[in-house]
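Ligands are counted one by one from 1 in listed order, and the atoms in each one are counted from 1 as well. Hydrogens, waters and symmetry mates play no part in the numbers below; they use all other heavy atoms, side chains included.
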Amino acid sequence: MDLVIVNCGQLATLAGPLRPRIGAEMRELWIMKDAALCIRDGRIVRAARWKEIERELDRDHAVIDAQGRVVLPGFVDAHTHFLFGGSRADEFERRALGETYQSIAASGGGILSTVRQTRAASEDELADGALKRIGMALRSGTTTAEVKSGYGLSTEAELKMLRVIRRLNDEGVVTLIPTFLGAHEFPEEFRSDREGYVVLIINEMLPKVVSERLAEYADVFCEPHIFDVGTASRIMKAALALGLQLRMHVDQLSRSGGAELAASLDATTADHLEHTDATGIAALKDAGVQPVLLPGSVYALGSRHYPLAREMIESGLAVVLATDMNPGSSPTPSIPMVISLAVTQMRMSVAEAMNATTINAAYSLRRGADVGSLEPGKQADFVIHDCYDYRDLGYLFGVEFAHQVFVKGKCVYARP
Ligand code: NIG
Ligand code: FE
């Protein structure tokens with residue numbers, strides 16, 4: 001043994017089958033009291049009651065005393081836009097004074113404002129900005145995150161974003177999983193030739209992304225006035241044909257059959273789903289698509305139109321929650337904030353929200369065998385939170401509890 005974390009008041013292992021948790025399984029965290037977590041070579045060797053393993057341990061290991069605190073798997077944030085240039089604080093203020101997200105976008109702001117700022121930024125500037133946000137996420141307990149491109153919208157700028165994501169993954173401690181989102185908006189220069197942009201994505205961007213192995217997933221912002229269902233379908237089919245898996249922004253601002261499209265394409269995830277109804281939920285269930293719910297974007301847009309989380313859980317969907325961290329609709333890197341919103345606005349229990357931000361999120365990124373729970377053989381990514389009841393993470397809001405964060409068995413953040 002290299003390291004033993006002793007005196008874990010509540011060790012939430014989230015142990016279970018080799019698949020995401022559904023239905024009543026999402027209410028269970030498999031908590032051990034007065035427990036210890038044993039780590040060797042960056043992996044978990046054992047999670048057990050302290051009494052059971054006390055005598056068996058050799059003497060050469062390091063010991064960290066959790067002093068009765070809660071220990072959880074590192075959070076897995078399955079939907080982020082951590083990488084972008086500039087800020088949209090000005091638009092945030094305009095929205096507070098009455099303008100809408102859609103009207104700002106229609107006047108050349110919104111995503112296109114971030115595209116201008118991202119194109120103007122150097123790789124180092126983009127990396128610095130993302131590192132700050134990833135650092136904030138780490139300090140609230142996130143150890144794995146998906147990151148999308150989508151603010152370049154030219155072959156060069158999209159590849160630039162994905163290369164920076166790769167570099168941040170290679171150099172940093174948080175595991176980053178890249179998604180190509182060239183179909184996020186139509187760039188300025190293709191405003192009057194939308195078909196030209198779709199062809200550029202299919203014939204040039206996707207093949208380059210794949211040949212440079214810059215992404216695992218492809219994504220699209222499917223909305224009637226942006227990439228409608230027919231166009232989104234063409235782009236996603238091209239991505240599938242090149243071997244990418246799909247995560248898709250669907251039914252965020254309106255209901256247009258996006259959930260059904262994600263189901264028909266066997267997407268890995270369908271994200272947002274604020275306007276998805278029972279028919280869409282049934283389609284996702286039949287196809288085994290994981291819903292990724294993003295309550296931060298509902299909250300920050302001042303909407304009340306949260307997705308139907310309860311219905312999704314009750315229908316047996318393996319629900320995921322994520323931040324959607326981005327400069328427009330969801331400027332938060334905090335999974336605890338998302339847990340609070342899920343509990344207060346979407347009637348999820350804290351345990352359900354925790355399954356949705358750890359093991360289910362890990363499976364949605366094809367990392368379920370490696371992270372998302374504290375079981376023997378898994379990567380030792382875990383967090384000691386400064387509380388004694390795991391429910392405090394949803395109950396107290398606007399508070400960060402992460403006390404010490406571990407990645408591959410190494411402490412990568414300790415609260416000063
Ligand atoms: O997930 N919906 C599209 N994309 C983002 C928002 C992007 C932005 O406003 O910059 C989202 O909400
Ligand atoms: Fe998003």
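Taking atom 10 (O) of ligand 1 as the reference point, the nearest protein heavy-atom neighbour is Tyr151 OH, 2.6 Å. Among protein heavy atoms, the minimum distance from atom 11 (C) of ligand 1 is reached at Asp324 OD2, 3.1 Å. For atom 12 (O) of ligand 1, the closest non-hydrogen atom on the protein side is Ser329 OG, 2.5 Å. Taking atom 9 (O) of ligand 1 as the reference point, the nearest protein heavy-atom neighbour is Tyr101 OH, 2.4 Å. Among all protein heavy atoms, the one lying closest to atom 2 (N) of ligand 1 is Gln252 OE1, 2.6 Å.
The side-chain heavy atoms of Lys208 and Glu158, taken from C-beta on, include no pair separated by under 4.5 Å.
Which parts of ligand 1 touch Arg88 is read off a 4.0 Å heavy-atom cut-off, strictly below it: atoms 8 (C), 9 (O), 10 (O). Taking every non-hydrogen atom of Asn326 and a distance limit under 4.0 Å, the qualifying atoms of ligand 1 come out as 5 (C), 6 (C), 7 (C), 8 (C), 9 (O), 10 (O), 11 (C), 12 (O). Within ligand 1, the atoms closer than 4.0 Å to a non-hydrogen atom of His184 are 3 (C), 4 (N), 5 (C), 7 (C), numbered from 1 in the order shown.
Within the 4.0 Å heavy-atom shell around ligand 1 one does not find Glu223.
Paired with Tyr217 under the rule side-chain contact (heavy atoms from CB on, under 4.5 Å), one option of Leu246, Leu181, Thr268 passes, and it is Thr268.
Residue contacts with ligand 1 for Phe84 are absent, since no atom lies close enough (heavy atoms, distance under 4.0 Å).
Here the N, O or S atom of His79 that is nearest to the Fe ion (ligand 2) is NE2. Within His249, the N, O or S atom at minimum distance from the Fe ion (ligand 2) carries the name NE2.
Electrostatic pairing of Arg391 and Asp389 counts as a salt bridge here, judged by a charged N lying under 4.0 Å from a carboxylate O. Checked for salt-bridge contact, Glu188 and Arg116 meet the test: a charged N lies under 4.0 Å from a carboxylate O. Ion pair Arg69/Asp386 flagged as a salt bridge, since at least one NZ, NE, NH1 or NH2 atom sits closer than 4.0 Å to an Asp/Glu carboxylate oxygen.
Looking only at distances, a side-chain donor or acceptor of Gln290 sits under 3.5 Å from a matching main-chain atom of Ala318. A donor-acceptor contact shorter than 3.5 Å is absent between the side chain of Arg95 and the backbone of Glu93. One N or O on the side chain of Arg133 and one on the backbone of Phe82 form a donor-acceptor pair closer than 3.5 Å.
Among the atoms of His272, some N or O lies under 3.5 angstrom from an N or O of ligand 1.
Between OD1 of Asp324 and NE2 of His81, the angle at the Fe ion (ligand 2) works out to 90°, rounded to 10 degrees.
In this structure, OG1 in Thr80 is found 8.5 Å from CG in Asp324, a value given to the nearest 0.5 Å.
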